[in-house]
There are 2 protein chains.
Amino acid sequence: MNPTHRSHCPIAQTLDIVGDKWTLLILRDALVFKRKSFAEFEQSSENIPTSLLAERLKRLVENGFLEKIPYQDKPVRYHYVPTDKGKAVIPIIRAMKKFGETHLA
Amino acid sequence: MNPTHRSHCPIAQTLDIVGDKWTLLILRDALVFKRKSFAEFEQSSENIPTSLLAERLKRLVENGFLEKIPYQDKPVRYHYVPTDKGKAVIPIIRAMKKFGETHLA
DNA sequence: CTGGATCCTGATGGATACTG
DNA sequence: CAGTATCCATCAGGATCCAG
């Protein structure tokens, strides 16, 4: 994910952020299915363990793909909503969707 | 990449195959930079360990993305060349390239 | 010398239980 | 509901070894 930081190839840099099994699925849920709360992501994302969901959400916020917005006090609750940068991954998701539909299963 | 096999979402299925740090980089090298031999991939792919390169190449062949073609006897040597299915990931790579160029670094 | 296979060790993933 | 903590299994990464 951010290991032996690699080349300046834009593909490699993109993969350093979204190149794992869960991150793009979470982004799909946020961008396509409009999931917002932790619980919504948890139910939607193919049984992702909560520990990984929490870590991925945090990383997506840190990297500026999602914004953590409080929407209620007592107790405080948050929504995770895509930023412009987050919305910019839609073409990647679309490309994967098309590939999967025409070349897999 | 074929773990607790997930949903039938085409995105999830695509990620089960290319959702790691190296696979798409290898495909980039094959498709964009026309790498063919093991040595070419090894030098090109941002210092990938040989063990991982060997494993990923094997998996890409098994999954029908690359074809292993002998091009010389004594000693026998192989080229890894993209199949039609392999070529179909170009749009994904292009989408990542564009994203990386406009939104990272 | 090319094309890997093997081995070791630390990091990450994944499932479940637990807490504010 | 929204996460942490924990524990074990698996994988990544690097070095080295081996076969043709």
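All chains are named by letter (A, B, ...) in the order of the sequence lines, taking the proteins before the strands, and each is independently numbered beginning at 1.
- The side chain to side chain contact (heavy atoms under 4.5 Å, CB included) check on B/K98 picks up B/T102, with sequence neighbours excluded.
- Closest to the side chain of A/K68, from the set C/dA5, D/dG3, C/dG13, is D/dG3.
- Within the model, atoms CG of B/L104 and OG1 of A/T14 stand 5.0 Å from one another, a figure rounded to the nearest 0.5 Å.
- The distance from atom CD1 of A/I69 to atom P of D/dA2 is 15 Å, rounded to the nearest whole Å.
- Checked against salt bridge (Lys or Arg N to Asp or Glu O under 4.0 Å), A/E67 has no partners two or more places apart in sequence or in another chain.
- Applying a 4.0 Å cut-off to non-hydrogen atoms, the residues of residues 33-41 of chain B that approach DNA chain C are B/F38, B/A39, listed by residue number.
- A/E40 pairs by the salt bridge (Lys or Arg N to Asp or Glu O under 4.0 Å) definition with nothing, not counting sequence neighbours.
- Between B/E55 and B/R59 a salt bridge is recorded (basic side-chain N to carboxylate O distance below 4.0 Å).
- Listed pair B/K21 / D/dC11 fails the phosphate criterion, with no side-chain N or O lying under 4.0 Å from OP1 or OP2.
- One interatomic measurement links the two molecules: CZ of A/R56 to P of D/dA2, which rounds to 20 Å at whole-angstrom precision.
- Grouped with A/V81 in one hydrophobic cluster are A/I69, the linkage being side-chain heavy-atom contacts under 4.5 Å among Ile, Leu, Val, Met, Phe, Trp and Tyr residues.
- Qualifying side-chain hydrogen bond (donor to acceptor under 3.5 Å, both in side chains) partners for A/N63, counting only residues two or more places apart in sequence or in other chains: none.
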Per-nucleotide protein contact string for nucleotides 15-20 of chain D (B base, S sugar-phosphate only, - none; heavy atom under 4.0 Å)
------
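- Straight-line distance from the CD1 atom of B/I48 to the P atom of C/dG4: 13 Å, rounded to whole Å.
- Within the 4.0 Å cut-off from OP1 or OP2 of C/dG13, not a single side-chain nitrogen or oxygen of A/W22 is found.
- The separation between A/L53 atom CG and D/dT4 atom P is 11 Å, rounded to whole Å.
- Contact check, B/Y80 against C/dG3: no side-chain N or O comes under 4.0 Å of OP1 or OP2.
- Annotation: salt bridge (charged side-chain N to carboxylate O under 4.0 Å, His left out) contacts involving residues 22-38 of chain B, sequence neighbours excluded, comprise B/R28-B/E46.
- Between the P atom of C/dG13 and the CG atom of B/D16 lies a distance of 15 Å, rounded to the nearest Å.
- Using a 4.0 Å cut-off, no side-chain N or O of A/Y71 falls inside it from OP1 or OP2 of D/dC1.
- For residues 49-92 of chain A, every residue pair satisfying the ring pair (Phe, Tyr, Trp, His ring centres under 6.0 Å) rule, not counting sequence neighbours, is listed here: A/F65-B/F99, A/Y71-A/H79.
- For the ring pair (Phe, Tyr, Trp, His ring centres under 6.0 Å) condition, no pair includes a residue of residues 28-61 of chain A, sequence neighbours left out.
- Without hydrogens or angle criteria, A/Q72 side chain to A/P75 main chain gives a donor-acceptor distance under 3.5 Å.
- Relative to the axis of its first five pairs, the axis of the last five pairs of the helix from C/dC1-D/dG20 to C/dG20-D/dC1 sits at 30°, rounded to 10 degrees.
- The nearest whole Å value for the distance from the CG atom in A/L66 to the P atom in D/dA2 is 15 Å.
- When rounded to the nearest whole Å, the span between CD of A/E42 and P of C/dA15 equals 12 Å.
- Qualifying side-chain hydrogen bond (donor to acceptor under 3.5 Å, both in side chains) partners for A/E101, counting only residues two or more places apart in sequence or in other chains: A/K97.
- Rounding to whole angstrom units, CD of residue A/E55 and P of D/dA5 are separated by 14 Å.
- Heavy atoms of B/K58 sit nowhere under 4.0 angstrom from any nucleic acid atom.
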